[in-house]
Number of protein chains: 2
Amino acid sequence: MTEAAPQPGPLARREGVSLWRQIQLALEGEIAAGRWGPGARLPTEAELTARFGVNRHTVRRAMEELEARGLVRVEQGRGSFVAEDVLDYRLGPRTRFSENIRRQNREPEGRLIRVAEMPAEASLAEALGIRRGRPVIVAERLALANGRPVVLGTHHFPAARFGRLPELLAANPSITAALAACGVPDYRRQVTRITARLPTPEEAELLQQSRNRPVLVTEAVNTDPQGAVVDVTIARYAAGRVQLVVES
Amino acid sequence: MTEAAPQPGPLARREGVSLWRQIQLALEGEIAAGRWGPGARLPTEAELTARFGVNRHTVRRAMEELEARGLVRVEQGRGSFVAEDVLDYRLGPRTRFSENIRRQNREPEGRLIRVAEMPAEASLAEALGIRRGRPVIVAERLALANGRPVVLGTHHFPAARFGRLPELLAANPSITAALAACGVPDYRRQVTRITARLPTPEEAELLQQSRNRPVLVTEAVNTDPQGAVVDVTIARYAAGRVQLVVES
DNA sequence: GACGACTAGTCGTCTAGACAAATTTCGGAC
DNA sequence: GTCCGAAATTTGTCTAGACGACTAGTCGTC
């Protein structure tokens with residue numbers, strides 16, 4: 001790493017632009033210019049500290065920003081790396097994870113995180129069209145593309161109709177397959193609500209993503225061909241790795 | 001503010017959970033519990049520092065997290081405040097800002113930030129169906145509901161067909177009205193791409209939102225009834241104030 | 001009463017230093 | 001050669017202190 005640092009020279013102090021932002025912009029530009037390719041390792045904090053002539057905390061503030069923007073990935077004990085490319089994820093009435101991923105020439109994979117049965121609280125019961133307090137099966141599932149976590153979904157099924165789901169999912173973590181085995185060969189997505197926020201620590205952990213990087217949160221309702229509600233799903237996408245696509 | 005701080009007592013040190021996260025969780029819980037109503041002012045950093053018995057920087061780290069999650073709003077020189085409620089914004093083939101806002105019983109408003117004409121770069125030209133380098137009208141528009149900024153849109157129109165747009169928009173910042181005056185009485189949205197990231201300083205400024213809070217970014221293409229591309233729009237929504245709704 | 005300067009309160013940035021936690025490296029034992 | 005453990009490297013958290021920037025009020029002058 002004896003490569004000379006690109007010029008624009010020293011930072012402007014007392015000019016109305018904070019030092020950490022100048023550092024952020026400098027690195028952002030160099031990444032955009034391709035100085036380091038996707039996945040490549042960036043200089044360590046110590047090196048950047050020396051290069052810019054500031055305190056380590058100031059460099060860290062800039063890195064936090066870059067990480068939150070999805071441009072770099074920071075790993076404790078390893079270093080910082082330029083982020084990789086993003087995946088298109090189509091949202092539509094017939095959204096299916098595996099198809100979606102395969103269409104982009106990647107290998108889909110599903111991991112069941114946990115399954116539980118619990119009473120439905122008010123708003124969930126209403127969405128599912130059951131009485132409040134009736135049992136609901138809650139399944140948490142992590143979906144990956146080429147081994148990289150993409151989305152964490154929490155599915156809620158009425159237990160009365162889908163009591164066999166836990167065992168089915170344990171054997172094969174495909175929602176579509178499990179529903180088919182329960183007599184629902186097809187289902188359609190009705191509404192999707194989308195928002196963005198920062199992940200909880202557990203979400204960040206499962207999605208292998210920084211806590212400072214947003215997740216796209218979608219809430220959807222699926223119904224069977226007869227119009228009965230099959231499940232309510234809340235999914236959290238690693239915003240840096242996915243782009244949702246809605247076709248009208 | 002002589003009100004006693006709620007119990008759970010002192011923070012657990014050296015227990016594997018960082019102090020700032022414990023503080024964040026404590027405040028998050030109290031906000032959820034309704035200790036302070038929406039819009040209410042939170043204790044100052046100095047007060048929180050005293051209450052939790054930590055350094056001010058540690059309290060600040062917790063506040064950053066809460067702000068990024070959209071739970072509080074921090075204003076320099078004034079204090080921190082509990083965030084207010086969110087708006088539903090429907091995305092569909094006939095998405096129109098004003099209708100969308102009025103449906104929620106709020107008052108829509110549009111402000112033209114700037115209009116310019118510039119040559120189309122490659123990917124934009126392709127999306128618009130024109131040659132690279134041909135002139136494009138770029139209009140930046142801030143849309144508000146009840147006086148609060150909701151979305152910042154950057155619209156790109158082929159100048160050959162919509163040369164009158166700048167003057168029209170200057171007189172009335174409604175896109176729909178301006179297009180109607182140019183002979184496009186109706187238009188439909190084709191695809192929408194959705195991602196999330198942190199805002200640039202300018203976006204944060206215009207949306208009156210913190211830099212630590214994500215924006216939902218949508219990219220859409222609108223066509224006229226004959227199928228010709230009318231415009232390409234990139235919109236940035238204040239994620240804490242809006243929820244996108246997709247109906248399938 | 002209107003305006004402006006001043007001041008206190010509050011958040012924003014930067015520096016400095018220490019230690020913890022996670023990862024990688026490397027040498028020695030076998 | 002392989003495995004284990006210590007050491008080095010690198011990022012994460014916390015404390016401490018200083019000063020800048022912005023806000024809102026106070027008080028004096030005109």
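Just so it is clear: chains get the letters A, B, ... in the order the sequence lines come, proteins before strands, and each one is counted from 1.
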What's the [atom1]-[atom2] distance between [X] and [N], to the nearest Å?
X	N	atom1	atom2	value
A:Arg56	D:dT15	CZ	C1'	14 Å
B:Arg73	C:dG12	CZ	C1'	18 Å
B:Gln24	D:dC14	CD	P	12 Å
A:Phe52	C:dT15	CZ	C1'	17 Å
A:Phe81	C:dT23	CZ	C1'	10 Å
A:Asn55	C:dA16	CG	C1'	6 Å

Item to check | Partner nucleotide, any strand, of C:dA2 [Watson-Crick/G-U, under 3.5 Å] | outcome: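 In the structure as shown, C:dA2 has D:dT29 as its Watson-Crick or wobble partner.
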Checklist entry - Considering only heavy atoms, which members of residues 59-67 of chain B lie under 4.0 Å from some atom of DNA chain C? => result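 The answer is B:Arg60.
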Checklist entry - Do the side chains of B:Leu206 and B:Pro149 get nearer than 4.5 Å, heavy atoms only? => result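 Not in contact.
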Who passes side chain to side chain donor-acceptor pair (under 3.5 Å) against [X], sequence neighbours left out?
X	answer
B:Asp231	B:His155, B:Asn222, B:Thr233
B:Arg103	B:Asn100
B:Arg102	none
B:Glu67	B:Ser210

Checklist entry - Which distance, rounded to the nearest 0.5 Å, do you find between the CG of A:Leu216 and the CZ of A:Arg197? => result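 These two atoms lie 10.5 Å from each other.
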Next on the checklist: Once hydrogens and angles are ignored, does a donor-acceptor distance under 3.5 Å link the base of D:dG12 to the side chain of A:His57?
Outcome noted: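 No, the side chain and the base share no sub-3.5 Å donor-acceptor pair.
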Checklist entry - Which residues pass the salt bridge (charged side-chain N to carboxylate O under 4.0 Å, His left out) test with B:Arg61, sequence neighbours left out? => result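 Here the qualifying residues are B:Glu64, B:Glu65.
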Who are the side-chain contact (heavy atoms from CB on, under 4.5 Å) partners of [X], not counting sequence neighbours?
X	value
A:Thr154	A:Val138, A:Glu140, A:His156, A:Arg236
A:Glu28	A:Gln24, A:Leu25, A:Leu66, A:Arg69, A:Leu71
A:Arg148	A:Glu84, A:Arg241
B:Arg193	A:Asp88, A:Gln243, A:Val245, B:Glu219

For nucleotides 3-5 of chain D, print each protein N/O atom paired with a nucleotide N/O atom at under 3.5 Å, atom names and distance only.
none

Item to check | D:dT13 phosphate, OP1 or OP2, under 4.0 Å from B:Thr58 side-chain N/O | outcome: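 For B:Thr58, the contact criterion (side-chain N or O under 4.0 Å from OP1 or OP2 of D:dT13) is not met.
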What protein N or O atoms touch nucleotides 5-10 of chain C N or O atoms at under 3.5 angstrom, if any, and at what distances?
unit_1	atom_1	unit_2	atom_2	d
C:dG9	N2	B:Gly77	O	3.4

